[in-house]
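Counting starts at 1 for both ligands and their atoms, following the listed order.
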Amino acid sequence: MTSIHDHPFRDLDPTTFHDLLRLRIDVFVVEQECAYAELDGRDTEPGTRHIWLDGTSGPVAYLRVLVEPDGSHRIGRVATLAGARGNGLAGVLLDHVHATTPGPLVLDAQTHLVPWYASLGYQRSGGEFLEDGIAHVPMAREPAVD
Ligand SMILES: CC(C)(COP(=O)(O)OP(=O)(O)OC[C@H]1O[C@@H](n2cnc3c(N)ncnc32)[C@H](O)[C@@H]1OP(=O)(O)O)[C@@H](O)C(=O)NCCC(=O)NCCS
């Protein structure tokens, strides 16, 4: 496996950002047949981290981490290309985030993935809601106590 890339927007060259967006759009817009604001303006925030793994032809697994106004960190856009799923790649990226991010982590899980996120230490923090027609559950993970 290649090494984990973890960069703010300012360190991404145009080709790399194009390839990351292509992965996100292929999964969330095309595969999930969902028209939504994929470019929401938060990719370029100074605190946002773009984290991914490369395959032989570019990025195959991706997520981003945002800094929320309350200081928590929000994981989003967790996606692995369809042909690369089931190999633990998203888990590798989440393990990296857990090891490198202080404070609580929050995310909105697609409901069918709640057991998977729970296996990684996340707990439900609210009720199910619809976002762009897809059912989600808010979840949070507290930092490990030393
Ligand atoms: C969710 C997703 C990111 C997991 O990526 P991955 O690299 O396959 O991750 P893993 O191999 O660690 O598998 C994680 C979970 O994905 C599911 N999964 C595993 N293999 C799968 C496959 N071949 N196809 C679809 N889902 C699969 C399982 O629920 C698995 O949990 P388990 O290992 O406890 O059974 C990926 O399936 C994806 O991109 N899905 C579409 C986008 C999406 O829904 N993102 C999450 C938004 S909250």
Does [X] have a heavy atom less than 4.0 Å from any atom of ligand 1?
X	value
V92	no
A79	yes
G88	yes

Assess whether side chain to side chain contact (heavy atoms under 4.5 Å, CB included) is satisfied between E45 and V67, documenting all intermediate values.
CA-CA 9 Å; E45 291 176 0; V67 181; over 6 Å; no
Any side-chain heavy atom of [X] sitting closer than 4.5 Å to one from [Y]?
X	Y	result
D43	R24	yes
H7	T16	no
V106	S125	no
L105	Y122	yes
D19	T15	yes
I4	L53	yes

Ignoring hydrogens and geometry, is there a side-chain-to-backbone donor-acceptor pair from S72 to P104 under 3.5 Å?
no
Identify the protein heavy atom lying closest to [atom], giving its residue, its atom name and the separation to 0.1 Å.
atom	answer
atom 6 (P) of ligand 1	T80 OG1, 3.6 Å
atom 9 (O) of ligand 1	A90 CB, 3.5 Å
atom 32 (P) of ligand 1	W116 CD1, 4.1 Å
atom 8 (O) of ligand 1	G86 N, 2.8 Å
atom 45 (N) of ligand 1	V78 O, 2.7 Å

For ligand 1, indicate whether the residue [X] contacts it via side chain, backbone, both or neither (heavy-atom separation under 4.0 Å).
X	value
Y62	neither
Q32	side chain
L113	side chain
N87	backbone
V27	side chain

Is [atom] less than 4.0 angstrom from at least one protein heavy atom?
atom	answer
atom 3 (C) of ligand 1	yes
atom 28 (C) of ligand 1	no
atom 20 (N) of ligand 1	yes
atom 15 (C) of ligand 1	yes
atom 36 (C) of ligand 1	yes

Find all atoms of ligand 1 within a distance of less than 4.0 Å from any non-hydrogen atom belonging to [X], and give their numbers and elements.
X	value
F28	42 (C), 43 (C), 45 (N)
D108	48 (S)
G91	12 (O)
L89	7 (O)

How are the rings of H136 and F129 set relative to one another: parallel (under 30°), tilted (30 to 60°) or perpendicular (over 60°)?
parallel
What is the ring orientation for F28 with Y36, classed by angle as parallel under 30°, tilted 30 to 60°, or perpendicular over 60°?
perpendicular
Flag if over 12 foreign heavy atoms under 6.0 Å of CD, Q123
no
Verify the distance criterion only: is there a donor paired with an acceptor across the side chains of Y62 and R77 at less than 3.5 Å?
no
Given E31, R85, R24, which one has a non-hydrogen atom that is nearest to atom 24 (N) of ligand 1?
R85
Could you please spell out the steps behind the salt bridge (charged side-chain N to carboxylate O under 4.0 Å, His left out) verdict for E31 and R85?
CA-CA 14 Å; E31 177 187 336; R85 289 179 194 158; 2.8 Å; yes
Between atom CD of E128 and atom OG1 of T111, what is the distance when rounded to the nearest 0.5 Å?
3.5 Å
If you measure every N or O of A109 against every N or O of ligand 1, does any of those distances drop under 3.5 Å?
no
